[in-house]
Protein chains: 2
Amino acid sequence: MTPGALRIREAAARLFYERGIHAVGVDLIAAEAGVTKKTLYDRFGSKDQVVVEYLAERDERWRDFLARRLAEAEPGPVHQVTAVFDASKAWMGESSPKGCSMVNAHAEISDPSHPAHAVITGQKAWMLGLFTDLAREITPTAATQLGRSLTLLHEGALVAHGMKTFPDPIGHARHQAQLLMTGARNTAGKP
Amino acid sequence: MTPGALRIREAAARLFYERGIHAVGVDLIAAEAGVTKKTLYDRFGSKDQVVVEYLAERDERWRDFLARRLAEAEPGPVHQVTAVFDASKAWMGESSPKGCSMVNAHAEISDPSHPAHAVITGQKAWMLGLFTDLAREITPTAATQLGRSLTLLHEGALVAHGMKTFPDPIGHARHQAQLLMTGARNTAGKP
DNA sequence: ACCAGGGTATACCGATCTGTATAGTCACTG
DNA sequence: CAGTGACTATACAGATCGGTATACCCTGGT
């Protein structure tokens with residue numbers, strides 16, 4: 001990826017997230033990247049492709065960020081799950097006041113055959129899988145259920161964070177997740 | 001509201017929800033409503049105003065729908081909360097496969113001073129208030145906490161429904177909400 | 001008989017949209 | 001030194017954007 005292409009993707013990421021995908025034109029992206037429109041089309045071919053690479057890079061960055069945080073956190077499924085919420089809070093707090101970019105992009109992309117659609121649903125499926133895998137270590141018999149509950153809490157917290165429904169929703173979700181997990185562990189140990 | 005204005009609002013509601021606000025032009029709205037653009041601007045004055053009235057009407061319809069369902073449901077805070085999830089499932093199932101229109105609109109409206117912003121955050125604050133009021137009847141000491149947890153579960157379920165993250169997320173959230181409430185009631189009764 | 005209100009039909013405005021074309025600059029590399 | 005890849009600059013195409021203007025039609029109420 002050439003330096004110009006990198007700057008294009010960075011500018012597009014910032015503008016798409018702050019103003020919305022349809023509200024940002026390619027002329028503005030090129031200007032903000034200090035690049036001509038020809039360069040943009042030489043590197044990406046279409047605006048849709050810029051959108052796809054914006055989302056794909058954001059997804060990759062998030063997974064790397066999360067993996068690092070999980071590696072630093074204490075082992076064990078309960079600590080790992082709370083570490084996911086801690087990572088989300090850090091991620092959203094530093095540069096994502098408008099909520100989850102995947103959720104926001106999904107609102108603007110109606111066509112399910114759009115290549116960006118797979119990136120969006122892919123991340124959500126991956127998060128569900130992550131929570132379910134950790135849940136399996138807590139309660140093998142009810143892993144699916146616990147994984148889904150954690151996913152809902154997490155998703156709701158991201159939206160509530162973006163909408164400022166109440167203060168620190170991710171911290172609240174983290175606490176609620178803890179209660180959920182200790183509850184599941186206790187009932188799982190019973191006959 | 002004149003018949004033409006009604007048709008405009010109905011057409012705009014369908015198009016905005018299905019394709020996104022920025023992706024739909026006033027020409028298309030007028031054509032789908034069987035109305036000229038002049039009528040649209042005579043009645044609403046601007047596209048922004050059409051957006052506001054679309055969201056305001058949706059908000060009002062949802063509150064009426066929910067009020068009717070709550071009145072029909074069994075009394076008592078636990079039954080009322082589960083009735084909220086049942087109402088959401090019915091509401092989303094019949095004509096809202098793309099998730100919450102307020103969340104989707106929020107993704108497209110960056111300016112917090114946009115009049116639609118108040119409608120969106122207003123509904124979310126109202127839902128939080130509703131859950132918190134019901135939570136207060138279950139556990140007066142932890143009503144805020146329970147109300148917020150129910151809000152997160154509900155919000156997450158709406159998003160997961162729109163993204164098809166897993167089957168029947170609203171039904172799952174309903175079940176999880178029940179566990180949460182019985183748990184809160186038991187711990188609330190303890191010294 | 002009148003006239004206001006809700007509407008149609010059509011044309012237009014300037015701006016912006018995605019995308020393309022032409023021509024030229026610069027740095028690196030075989 | 002020739003060639004290539006990444007880039008700039010500028011202009012343009014065709015469509016669509018939100019919004020306005022002019023002129024006319026029809027119905028209901030007083």
Side-chain angles (χ1 to χ4, degrees), chain A residues 1-57 104-105 107-111 113-117 119, chain B residues 1-57 104-105 107-111 113-117 119:
Chain A
M1 181 154 294
T2 65
L6 266 176
R7 265 152 43 217
I8 289 167
R9 203 180 56 184
E10 282 165 15
R14 185 172 49 81
L15 291 167
F16 284 158
Y17 183 76
E18 286 175 0
R19 309 190 193 181
I21 292 172
H22 279 122
V24 172
V26 288
D27 297 82
L28 179 59
I29 296 171
E32 291 277 308
V35 142
T36 61
K37 230 176 6 166
K38 181 163 192 309
T39 301
L40 190 150
Y41 277 96
D42 282 348
R43 296 292 141 244
F44 295 91
S46 69
K47 181 187 174 179
D48 273 355
Q49 192 56 34
V50 177
V51 173
V52 170
E53 302 209 14
Y54 146 60
L55 291 172
E57 193 265 351
N104 291 350
E108 295 205 66
I109 296 173
S110 49
D111 183 11
S113 71
H114 192 294
H117 205 269
V119 179
Chain B
M1 182 155 295
T2 65
L6 266 176
R7 263 148 49 213
I8 290 167
R9 203 179 56 183
E10 282 165 15
R14 184 172 51 81
L15 292 167
F16 284 157
Y17 183 75
E18 286 175 2
R19 309 190 193 181
I21 292 171
H22 278 122
V24 172
V26 287
D27 297 81
L28 179 59
I29 296 171
E32 291 276 308
V35 143
T36 61
K37 234 174 7 162
K38 180 163 191 308
T39 301
L40 190 151
Y41 277 95
D42 282 348
R43 296 293 139 245
F44 294 91
S46 71
K47 181 187 175 179
D48 274 354
Q49 192 55 33
V50 178
V51 173
V52 170
E53 303 210 13
Y54 147 59
L55 291 172
E57 193 266 352
N104 291 349
E108 294 205 68
I109 297 173
S110 48
D111 183 11
S113 70
H114 192 294
H117 205 270
V119 179

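Residue numbering restarts at 1 for every chain, and letters A, B, ... go by the order of the sequence lines.
- Put simply, the residue from B:Val50, B:Ile29, B:Val51 that forms a side chain to side chain contact (heavy atoms under 4.5 Å, CB included) with B:Val24 is B:Ile29.
- Here C:dT16 presents its P atom at 17 Å from CG of B:Asp27, a figure rounded to the nearest Å.
- Spacing between atom CD1 of A:Ile29 and atom P of C:dT16 amounts to 16 Å, rounded to whole angstrom units.
- At a non-hydrogen distance threshold of 4.0 Å, A:Lys37, A:Lys38, A:Tyr41 from residues 37-44 of chain A come into contact with DNA chain C.
- Using a 4.0 Å cut-off, no side-chain N or O of A:Ser46 falls inside it from OP1 or OP2 of C:dT18.
- The side-chain heavy atoms of A:Asp111 and A:His117, taken from C-beta on, include no pair separated by under 4.5 Å.
- Toward the 5′ end of DNA chain C lies the nearest nucleotide of A:Ala23, the other residue of the pair A:Gly45 and A:Ala23 mapping further downstream.
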Writing each nucleotide of DNA chain D 5' to 3' as (, ), [, ], | or . by Watson-Crick or G-U pairing under 3.5 Å yields ||||||||||||||||||||||||||||||
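- Nucleic acid contact class of A:Val24 (heavy atoms, under 4.0 Å, all strands): sugar-phosphate only.
- In this entry the distance linking CE of B:Met1 with P of C:dG7 reads 11 Å, nearest Å.
- Between the side chain of B:Glu108 and the backbone N or O of B:His22 there is at least one donor-acceptor pair closer than 3.5 Å.
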Original post:
Are B:Arg43 and B:Val35 close enough, and set up right, to give a side-chain contact (heavy atoms from CB on, under 4.5 Å), and what steps lead you there?
Top reply: CA-CA 11 Å; B:Arg43 296 293 139 245; B:Val35 143; over 6 Å; no
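- Closest approach of A:Thr36 and A:Ala30 over heavy atoms only: C-CB, 4.0 Å.
- Nucleotide D:dA15 holds its C1' atom 15 Å from the CG atom of B:Leu28, rounded to whole Å.
- B:Lys37 and B:Val26 get closest at one heavy-atom pair: CD-CG2, 3.9 Å.
- Residues A:Gln49 and A:Glu53 are in side-chain contact: their nearest non-hydrogen atoms beyond the backbone lie under 4.5 Å apart.
- Taking the side chain as every heavy atom from C-beta outward, B:Phe16 and B:Leu55 never approach each other to under 4.5 Å.
- Between B:Thr36 and C:dT10 there is no side-chain N or O to OP1 or OP2 distance below 4.0 Å.
- Separating the OG1 atom in B:Thr2 from the CZ atom in B:Arg7 is a distance of 8.5 Å, to the nearest 0.5 Å.
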